[in-house]
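Working notes for the structure below.
One-based numbering along the sequence shown. If you're wondering where the values come from, they're calculated on a predicted model, not measured in any experiment.
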Amino acid sequence: MKVVDGYPGTRRPPTSPPAALRRGPLLVTAVFAALGGAVTTAAALPALWRVWQLYAMLFGLVAAVGLVAAVAALGWPTRKTAHFGAFTAAAALAVWVISRPLGLLTRFDPWQPADTVVGFTDAVVAGLAGLALFGFLVVARRRAHPWPSTARRVTAWIVLFPLLVAVLATGVAGTVAAGESSTGPAASTLLDTGPGTYEYCRADGIPLAMDIHRRSPGGPPAPVVLLLHGGGLVLGNRKLTGPGALLSGSRFGSLRDELTARGFAVAVIDFRLAPAARWPAPLADARCAVRFLKANAAALDIDPARIAVAGTGTGGTLASLLGVARGRDSGPYQGQDSTVRAVAALAAPAEFELAGQDPLTRASVLMALGRAPSTWQAASPLTYAGPGAPPFLLGNGGRKSAEFAARLRAAGVPVTEGPVSDRSVADFFASAVG
């Protein structure tokens with residue numbers, strides 16, 4: 001009779017299964033961090049697929065493996081599944097480092113489609129991946145302990161519960177922000193007649209969308225108002241409802257209705273957000289939108305000589321810059337310029353600085369514009385106030401808006417100030433442009 005490993009017979013003794021880990025708060029937090037990062041990445045895949053399928057397949061693979069690893073670690077918590085979770089989290093983090101800080105993925109930034117509503121969605125994914133990596137590694141390196149006392153278990157949950165809630169909220173918010181970029185019709189480069197969604201510019205390989213609204217087709221070419229959303233150059237998108245509109249604080253639906261009732265066409269755009277895109281990317285996109293409207297005026301049935309711009313918050317700041325910061329345009333549609341006939345800046349800061357600002361505003365300025373005072377000055381309409389600007393409506397205040405209005409008036413520019421409504425904004429455009 002054979003003796004195998006000290007046992008008589010020809011069969012080896014059965015091996016014991018891997019020791020199970022406890023589903024404690026650290027493991028649960030790591031699992032939900034991994035799930036949040038994977039689902040956020042997956043939510044942006046439709047928008048990324050429209051741009052380049054190769055990157056979409058790469059990101060889809062990372063998201064799928066991350067989802068499998070998170071489910072395995074929670075369903076069968078062992079050291080092996082914890083190590084697998086740590087490996088997939090490290091892979092997701094490596095993809096972010098290679099593509100964003102190092103910029104080694106060629107052709108375009110693959111995270112840009114995810115950053116169209118919140119400019120730091122990619123950083124949220126990286127943070128969740130880093131937290132998942134740390135949690136899985138700590139759990140995997142722990143020694144097996146007997147079942148802890150009730151007091152110890154309760155204390156651990158109390159200590160880590162706020163972090164778990166923050167991870168859940170961050171994952172949900174990241175998923176909603178990334179998914180918002182994938183909803184709605186794809187931007188078309190074919191200029192069909194009537195209202196629709198168009199690709200007005202392709203910045204760094206990423207198509208930027210414009211929605212055009214009008215009351216009814218036909219009739220003479222319509223004047224146009226370009227609407228720019230707020231959100232501190234960090235949040236928001238062109239949509240009139242949904243998460244993007246909520247984050248930007250822009251309520252353009254009623255203003256659109258007031259303008260279209262007066263015969264205007266209304267164009268609303270997405271532009272690149274910080275910190276994914278640094279200044280002056282948003283202003284360059286707004287200029288490109290004006291040039292697009294002028295270059296395609298005949299196909300869109302609009303009047304290229306009657307284009308105005310309006311914005312709320314930092315969207316109003318961009319609108320003001322279109323009116324006063326005139327210079328040489330670069331980019332597509334070189335036969336056109338980005339001058340406008342009238343500007344409405346609502347609750348828009350006319351100057352960026354940190355002194356006297358609350359912590360949230362300071363953080364927003366630093367995230368959008370960086371730490372260089374020269375950049376703050378270049379992004380401030382107050383810097384450029386002078387003669388030759390179109391008529392301005394400066395409504396509902398805004399930092400240094402009174403000083404901005406005074407300088408414009410001193411240069412001979414017609415300026416209207418004070419509290420405004422959607423009706424009064426439409427009346428201003430009808431008078432200045434119509």
Side-chain angles (χ1 to χ4, degrees), residues 51 100 103 107-109 111-113 115-120 181 187 189 198-211 224-238 248 250 267-296 304 307-340 343 345 348-350 352 364-365 367-370 372 374-384 389-390:
V51 182
R100 177 47 62 86
R107 186 170 177 177
F108 69 93
D109 178 2
W111 288 104
Q112 191 66 47
D115 292 329
T116 56
V117 177
V118 177
F120 51 88
S181 66
T189 55
Y198 307 107
E199 177 187 322
Y200 73 88
C201 194
R202 186 170 286 255
D204 297 329
I206 301 298
L208 299 174
M210 170 189 291
D211 290 340
V224 187
V225 176
L226 174 65
L227 300 183
L228 303 174
H229 67 79
L233 305 177
V234 176
L235 307 171
N237 66 359
R238 74 186 188 283
S248 67
S250 302
V268 195
I269 64 168
D270 285 335
F271 51 81
R272 287 171 290 172
L273 300 175
R278 287 295 185 181
W279 185 265
L283 179 59
D285 295 344
R287 292 187 187 281
C288 190
V290 176
R291 296 197 306 272
F292 167 85
L293 291 170
K294 291 183 178 182
N296 297 283
I307 297 177
V309 61
T312 62
T314 48
T317 303
L318 292 176
S320 296
L321 288 169
L322 286 177
V324 296
R326 296 172 301 280
R328 183 176 177 273
D329 283 286
S330 60
Y333 320 113
Q334 280 299 292
Q336 307 295 333
D337 59 51
S338 58
T339 58
V340 294
V343 176
F352 291 105
S364 176
V365 171
M367 188 179 297
L369 301 175
S374 59
T375 304
W376 307 344
Q377 185 178 18
S380 300
L382 192 61
T383 304
Y384 309 97

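- Residues Val290 and Leu322 are in side-chain contact: their nearest non-hydrogen atoms beyond the backbone lie under 4.5 Å apart.
- A distance-only check finds a donor-acceptor pair linking the side chain of Thr383 to the backbone of Gln377 [under 3.5 Å].
- For Leu273, the side chain to side chain contact (heavy atoms under 4.5 Å, CB included) partners at least two apart in sequence or on another chain are His229, Phe271.
- With values rounded to the nearest 0.5 angstrom, Asp115 atom CG is found 7.0 Å from Asp109 atom CG.
- Here the shortest heavy-atom pairing between Cys288 and Cys201 reads SG-SG, 2.6 Å.
- Ala379 meets the side chain to side chain contact (heavy atoms under 4.5 Å, CB included) test with Trp279, Phe352, Leu369; sequence neighbours excluded.
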Sequence neighbours left out, cut at 3.5 Å: what donor-acceptor pairs do the side chains of residues 314-321 make with other protein atoms?
| residue | atom | partner | partner atom | Å |
| --- | --- | --- | --- | --- |
| Thr314 | OG1 | Gly232 | N | 2.9 |
| Thr314 | OG1 | Leu233 | N | 3.3 |
| Thr317 | OG1 | Pro349 | O | 2.7 |
| Ser320 | OG | Gly316 | O | 3.0 |

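- When all heavy atoms of Ser330 and Arg291 are compared, the pair lying nearest together is O-NH2, 2.9 Å.
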Run the side chain to side chain contact (heavy atoms under 4.5 Å, CB included) check on Asn296 and Tyr333 step by step: do they pass?
CA-CA 9 Å; Asn296 297 283; Tyr333 320 113; 4.2 Å; yes
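- In this structure the side chain of Phe292 never reaches within 4.5 angstrom of the side chain of Pro332, judged on heavy atoms.
- Rounded to the nearest 0.5 angstrom, Met210 CE and Leu293 CG are separated by 4.0 Å.
- When all heavy atoms of Gln112 and Ala276 are compared, the pair lying nearest together is OE1-CB, 4.1 Å.
- Residues Val324 and Ala389 share a closest heavy-atom pair of CG1-CB, 4.0 Å.
- With sequence neighbours excluded, the residues forming a side chain to side chain donor-acceptor pair (under 3.5 Å) with Thr339 are Lys294, Asp337, listed by chain and number.
- For the residue pair Leu226 and Ala289, the shortest heavy atom distance occurs at CD2-CB, 4.1 Å.
- The salt bridge (Lys or Arg N to Asp or Glu O under 4.0 Å) pairs that include a residue from residues 267-277 are Asp204-Arg272, Arg238-Asp270, Arg272-Asp285, where partners are two or more places apart or lie in different chains.
- For Leu235, the side chain to side chain contact (heavy atoms under 4.5 Å, CB included) test picks out Val118, Phe120, Leu247, with sequence neighbours left out.
- Not counting sequence neighbours, the partners of Ala310 by the side chain to side chain contact (heavy atoms under 4.5 Å, CB included) test are Val225, Leu227, Ala344, Phe429.
- Results of the side-chain contact (heavy atoms from CB on, under 4.5 Å) test with Leu228 over Thr312, Ile269, Leu283, Val268 single out Ile269 as the only residue that passes.
- In this structure a side-chain-to-backbone donor-acceptor pair under 3.5 Å is present from Tyr384 to Ala378.
- Not counting sequence neighbours, Ser380 has no partner by the side chain to side chain donor-acceptor pair (under 3.5 Å) test.
- For the salt bridge (charged side-chain N to carboxylate O under 4.0 Å, His left out) test, no residue two or more places apart in sequence or in another chain qualifies with Arg287.
- Taking both residues in full, the closest heavy atoms of Pro207 and Val51 are given as CD-CG2, 3.7 Å, listed atom of the first, atom of the second, then distance.
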